[in-house]
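Side-chain atoms are counted along with the backbone in the values below, which use heavy atoms only and exclude waters and symmetry mates. Below, chain A is the first sequence line, B the second, and so on; all start at residue 1.
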2 protein chains.
Amino acid sequence: MDFKYETAVTLAQVAEAAGVGESTVSRVLRNHGSFSGKTRDRVMAAVERLGYVPNRIAGTLASAGSRLVAFVVPSLSNIVFADVLRGASSTLEQNQHQAVFAVTDYDPAREEALVASMLAWRPAAVMLAGYEHTQGTVRMLRAASCRIVELLDIDGVALDLAVGFSNHDAGCRSAHYLLQRHYGRIGYVGHDLERDTRAGKRYAGFCETLSAGGSPLVDREIHAGASSVENGRLGLERLLTRSPDLDAVYFSNDDMALGGYFHCLARGISIPSQLAIFGYNGLDIGRVTPQPFSTIRTPRVATGQVAAQLVVENAPAQVVDLGFELIEGATA
Amino acid sequence: MDFKYETAVTLAQVAEAAGVGESTVSRVLRNHGSFSGKTRDRVMAAVERLGYVPNRIAGTLASAGSRLVAFVVPSLSNIVFADVLRGASSTLEQNQHQAVFAVTDYDPAREEALVASMLAWRPAAVMLAGYEHTQGTVRMLRAASCRIVELLDIDGVALDLAVGFSNHDAGCRSAHYLLQRHYGRIGYVGHDLERDTRAGKRYAGFCETLSAGGSPLVDREIHAGASSVENGRLGLERLLTRSPDLDAVYFSNDDMALGGYFHCLARGISIPSQLAIFGYNGLDIGRVTPQPFSTIRTPRVATGQVAAQLVVENAPAQVVDLGFELIEGATA
DNA sequence: ATGAAAGCGCTAACAT
DNA sequence: ATGTTAGCGCTTTCAT
């Protein structure tokens, strides 16, 4: 079977059908410049009749102004990035921009390759997660004439725009909370901190605050792989095998914490009396568990929205701190 | 502060710097046609020196062959679509294609608008969820000279390519399983079936099989909103208030089922002896709960991969049934 | 208010 | 093996 590669209707054909010049059609379609109501009607009629769909490839090339926004995110399965994309995509749509994306799997080298390939589309902006990029990535981005937005992190020096919150502070706040509640033998269960540098920053802040408070971290279990509910469960199991006398555990995020929570349920460990659990992200699921999670809620959708807004209005370089909110649940 | 809108380096500049013609540079860059090793080195050196990044906008316009693939998905927060995108995006990348996306929020009218806007990029293919589209959407897609891929559903007539599995059959299989296990008073908890038509097909198949088996559905609770863990919990609570004597409940998917599971945990309802729970999707999280979920695992990532592969190789129109797998967990 | 014509940066014949 | 030359389908001056 063969496919209909009928050449699409072009603006020139519309112009001819409407009996006007090409530029007139262009003006009418973009509602820019002047034209009479009569011509507009004629043009629109022709557009309708022929089923004309403007070719943005050509339009972009001619006007040198791209309406593409490139997202280079570590993962799509991670609800965090899905939320950011969702927030951004509605704002972008409303402003006639298009989202293009690529997934790095938390690999900086892949990020570099993907940024290169994205830049070939001459996007209006490139959106990245966090501050940790290869030299090559930074060089390319600097050389490109597009906006750069670093998302979900503000602990560092921004290349251009940055929208998010301080992961380091989030770690500190979590530690404060636990100390305040008189937990004293605290452990940590996390995933690959080298790759997820934002989790690394939270961990660092958490440990600093614990130490400053006189109750340094007792033990930790760090899984080399990605964050997941399963790894959280496994991590807590291992941690408790080594250090059964912990009274609280900080998880690298809510997914991991949920795994820990399941482990406790399965083993009959009562929460929080025997063991307190503290997470990060404030996922919806943590509000539906039999005991709502103690965690930190991050403004993920808002991060996407604000980032998109700044790009759309071509705002000056700046760092926007959206903050976060500590949720006092029932698990710690 | 102002931004560096330095005009980017063009192929012509590279050609000049390398002392060769434009087409030679083009050939070298695309590794197509013939050129000497010497010239290749000269060209590559110039590319490197100038930091040249090819402009795909121009390239696409000139070659009339787009390497964009447009995804119009109902939701990104739903892990199902994130998985499909993930599967597709790696395959696409390997073949120098780019994914563009837009989110419909399960609204057919938005789908139509977004398809129109996507078509303006002259994509090589448009990927959609399922078969239910507005007349306008179908007309536009038919008129466009691009491949159309309908994902995650094969219960219907495909426009061009379709990759997925039968949701209707999945519903039937689930019912069979429950009947076989001698559950007899069966209920259903679901979300908006009008919008999520695939869930609707499962529901239909499920009910048919139950009736045929002599144990028609006893009661159902359908939440008007989207699927979520919270709505699953709420739904089960309501259902049990009305029909406390059910012995099994089928959920529209694992997210909803997880909510139901949490409800049981919170209320001390023992699973599966007091109440059996059956889900759909086979999410990872369902394997980590204290009792692994009884559910149906769907090939989401594979759906994305296969769809991308077919597009890349411009395969003839066809329907690919990837099937599904029933997982005998501990909840039913 | 409208049309003509010159590009935008590249690819793809067609020469040589 | 390499250069020359038309476009691709628009937008954008610049006339009129």
What is the nucleic acid contact for T60(A), judged by heavy atoms within less than 4.0 Å: base, sugar-phosphate only, or nothing? nothing
Nearest whole Å is fine: how far is dA1(D) P from D41(B) CG? 14 Å
Could you give the CZ-to-P distance, from R67(B) to dC10(C), as a whole number of Å? 16 Å
Keeping to residues at least two apart or across chains, list the salt bridge (Lys or Arg N to Asp or Glu O under 4.0 Å) pairs with something in residues 121-132 of chain B. E132(B)-K201(B)
A46(B) and A17(B) have their tightest heavy-atom pair at CB-CB, 4.2 Å
In whole Å, I'd like the distance from the CD atom of Q13(A) to the C1' atom of dC8(D). 13 Å
Between the side chains of R67(B) and H97(B), does any donor sit under 3.5 Å from an acceptor? yes
Give the angle between the helix axes at the two ends of the helix from dA1(C)-dT16(D) to dT16(C)-dA1(D), taking five base pairs at each end and rounding to 10°. 30°
Worked verdict on S26(A) versus S23(A) for side chain to side chain donor-acceptor pair (under 3.5 Å): CA-CA 5 Å; S26(A) 179; S23(A) 45; over 6 Å; no
Rounding to 0.5 Å, atoms CZ (F165(B)) and CG (D153(B)) come to a distance of 8.0 Å
What donor-acceptor contacts under 3.5 angstrom involve side-chain atoms of residues 78-90 of chain B, with partners at least two apart or in another chain?
residue: N78(B); atom: OD1; partner: V80(B); partner atom: N; Å: 2.9
residue: N78(B); atom: ND2; partner: Y106(B); partner atom: OH; Å: 3.2
residue: D83(B); atom: OD1; partner: R86(B); partner atom: NH2; Å: 2.9
residue: D83(B); atom: OD2; partner: R300(B); partner atom: NE; Å: 2.8
residue: D83(B); atom: OD2; partner: R300(B); partner atom: NH2; Å: 3.3
residue: R86(B); atom: NE; partner: S77(A); partner atom: OG; Å: 2.8
residue: S90(B); atom: OG; partner: G87(B); partner atom: O; Å: 3.4

Go through the side-chain N and O atoms of T134(A) and E112(A) and say whether any donor and acceptor fall under 3.5 Å apart. yes
Using a cut-off of strictly less than 4.0 Å between a heavy atom of the residue and any atom of DNA chain C, enumerate the qualifying residues of residues 42-57 of chain B by number. Y52(B), P54(B), N55(B)
For S34(B), answer base if it contacts any base atom (sugar-phosphate contacts may also be present), sugar-phosphate if it contacts only those atoms, and nothing otherwise; contact means non-hydrogen atoms under 4.0 Å. base
Candidates dC10(D), dA1(C), dT2(D) - which lies nearest the side chain of A58(A): dC10(D)
More than 12 heavy atoms of other groups within 6.0 Å of Q318(A) CD: yes
Nucleotide N/O of nucleotides 12-16 of chain C paired with protein N/O under 3.5 Å:
residue: dA12(C); atom: OP2; partner: R30(B); partner atom: NH1; Å: 2.8

Pick the closest DNA chain D nucleotide for V20(B) and for L61(B) by heavy atoms, then say which residue is nearer the 5' end. V20(B)
Between dA1(C) and S36(A), is there an OP1 or OP2 to side-chain N/O distance shorter than 4.0 Å? no
At what distance, to the nearest 0.5 angstrom, does CG of L151(A) lie from CG of L161(A)? 10.0 Å
Can you measure L11(A) atom CG to dC8(C) atom P for me and round it to whole angstrom units? 19 Å
From CD of E16(A) over to P of dG3(C), roughly how many Å is that when rounded to an integer? 13 Å
Any salt bridge (Lys or Arg N to Asp or Glu O under 4.0 Å) pairs touching residues 41-57 of chain B, not counting sequence neighbours? none
Within the 3.5 Å criterion, strictly below it, is a donor on E150(A) or H133(A) matched to an acceptor on the partner's side chain? yes
